[in-house]
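Take a look at the structure set out below.
Worth knowing before you read on, the calculation uses all heavy atoms, side chains too, and leaves out hydrogens, waters and symmetry mates. Just so you know, residue 1 is the first one in the sequence shown, and it goes up from there.
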Amino acid sequence: AARVCRRWHEAASQPALWHTLTLSPPLAGRPAKSGTKTEKKLLASLEWLMPSRWLASPVPGSPSSSFPIATPGPRSQVLRLLNLMWLPKPSGRAMTPGPGFPRLEELCLASSTCNFVSNEVLDRLLHGSPHLRLLDLRGCARITPAGLHDLPCQELEQLHLGLYGMSDRLTLAKEGSLLLTQKWCHTLQELDLSGQGFSEKDLEQALAAFSGTPGGLHLALCSLNLRGTRVTPGTGH
């Protein structure tokens, strides 16, 4: 709607007009558009909506992907996209990154099944989000520690990377957990690595980052989930 003309663009930019954004499947009898085009339009729409200080989250149990839009408080910026089917985008001309979401504090891309959320998708959503506090990537097996380490957020408090009931059929990274704990060891309150494939030695190095806080800094960590990993009773010693 915003692309029709200047007046339509001005009208579409008014938060009062936006209450619900519904991304429905194609109507019966209409040819389905390719998944990559749909994903591209979804990301472009979200990048346009979020700088206007709106809140997006899915409607539980909805047959389509429906996102109610509301105006949150000045410090509240939340984006939850649960159980969306993300499809890989074919390689081509590099896209210019959008403005990002500079006030975003919480991003949830959790899925109960394996999906195609990649480092590229994560970077496109979070390249301008230095104030992120919560990142929920449960089920996103293609995200790597290096991709997370490159994010601009420096004070992440909750990181959920659990892979529940799906890791047996995936090729998982065996090292790199240290990149996560070194970056956020002083701010992380909750860390979930359940089902990840990190080696025992790699986990030992990662957990060592939480021991000994120079300068008497208080350790923030209060919840650590290593269920289904290669951790042993002596790993944290």
Side-chain angles (χ1 to χ4, degrees), residues 79-88 105-127 129 132-237:
L79 175 57
R80 298 190 184 103
L81 303 174
L82 302 175
N83 288 313
L84 284 184
M85 180 56 69
W86 298 80
L87 299 174
E105 295 184 6
E106 178 178 330
L107 174 65
C108 178
L109 300 178
S111 175
S112 58
T113 60
C114 183
N115 59 44
F116 291 95
V117 175
S118 63
N119 291 338
E120 181 183 2
V121 171
L122 200 62
D123 178 69
R124 185 172 174 187
L125 289 173
L126 296 177
H127 71 273
S129 305
L132 196 72
R133 296 289 184 269
L134 185 152
L135 182 56
D136 188 347
L137 298 173
R138 286 172 291 178
C140 301
R142 289 170 172 78
I143 298 294
T144 68
L148 291 167
H149 186 266
D150 289 340
L151 295 177
C153 46
Q154 299 295 326
E155 299 183 352
L156 199 64
E157 297 174 358
Q158 298 182 44
L159 178 60
H160 302 279
L161 299 175
L163 302 174
Y164 300 96
M166 62 178 67
S167 57
D168 291 342
R169 56 184 185 273
L170 298 172
T171 301
L172 303 175
K174 292 181 172 55
E175 59 183 21
S177 57
L178 179 60
L179 293 175
L180 310 179
T181 56
Q182 276 187 334
K183 182 177 177 102
W184 294 305
C185 62
H186 299 307
T187 60
L188 272 180
Q189 299 175 12
E190 299 182 22
L191 176 61
D192 177 9
L193 297 177
S194 55
Q196 290 286 348
F198 301 118
S199 68
E200 177 186 349
K201 181 178 180 181
D202 193 73
L203 287 172
E204 183 177 0
Q205 295 174 339
L207 296 180
F210 291 110
S211 62
T213 52
L217 295 176
H218 176 68
L219 186 64
L221 189 69
C222 58
S223 176
L224 177 63
N225 190 343
L226 297 174
R227 181 180 179 180
T229 68
R230 291 181 172 84
V231 69
T232 65
T235 298
H237 292 176

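Considering only residues two or more places apart in sequence or on other chains, T144 meets the side chain to side chain donor-acceptor pair (under 3.5 Å) condition with N119. Under the salt bridge (charged side-chain N to carboxylate O under 4.0 Å, His left out) criterion, E190 pairs with no residue, sequence neighbours left out. With sequence neighbours left out, the salt bridge (charged side-chain N to carboxylate O under 4.0 Å, His left out) criterion links D136 to R138.
With values rounded to the nearest 0.5 angstrom, L81 atom CG is found 11.5 Å from S111 atom OG. Put simply, CG on L109 and CG on L122 are 6.5 Å apart, with the number rounded to the nearest 0.5 Å. Here the straight-line distance linking atom CG of L159 with atom CG of N225 works out to 12.0 Å at 0.5 Å rounding. A distance of 9.0 Å separates CG of L191 from NE2 of H160, quoted to the nearest 0.5 Å. To the nearest 0.5 Å, atom CH2 of residue W184 and atom NE2 of residue H149 are 8.0 Å apart. The NZ atom of K201 sits 14.0 Å away from atom OG1 of T232, with the distance rounded to the nearest 0.5 Å.
Put simply, the side chain of K183 never gets that close to the backbone of D150: no donor and acceptor are under 3.5 Å apart.
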Contacts table for residues 172-182: side-chain donor-acceptor under 3.5 angstrom, sequence neighbours left out:
| from | atom 1 | to | atom 2 | distance (Å) |
| --- | --- | --- | --- | --- |
| S177 | OG | D202 | O | 3.2 |
| S177 | OG | D202 | OD2 | 2.5 |
| T181 | OG1 | L178 | O | 3.4 |
| T181 | OG1 | A206 | O | 2.9 |

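Residue L137 is tested with L163, I143, D192 for a side-chain contact (heavy atoms from CB on, under 4.5 Å); the sole match is I143. Each of L161, L126, L156 was compared with L148 under the side-chain contact (heavy atoms from CB on, under 4.5 Å) criterion, and only L161 meets it.
Of all heavy-atom pairs between G197 and R230, the closest is O-NH1, 2.8 Å.
Sorted by first and then second residue, the pairs that involve residues 151-161 and meet salt bridge (Lys or Arg N to Asp or Glu O under 4.0 Å), not counting sequence neighbours, are R133-E155, R133-E157.
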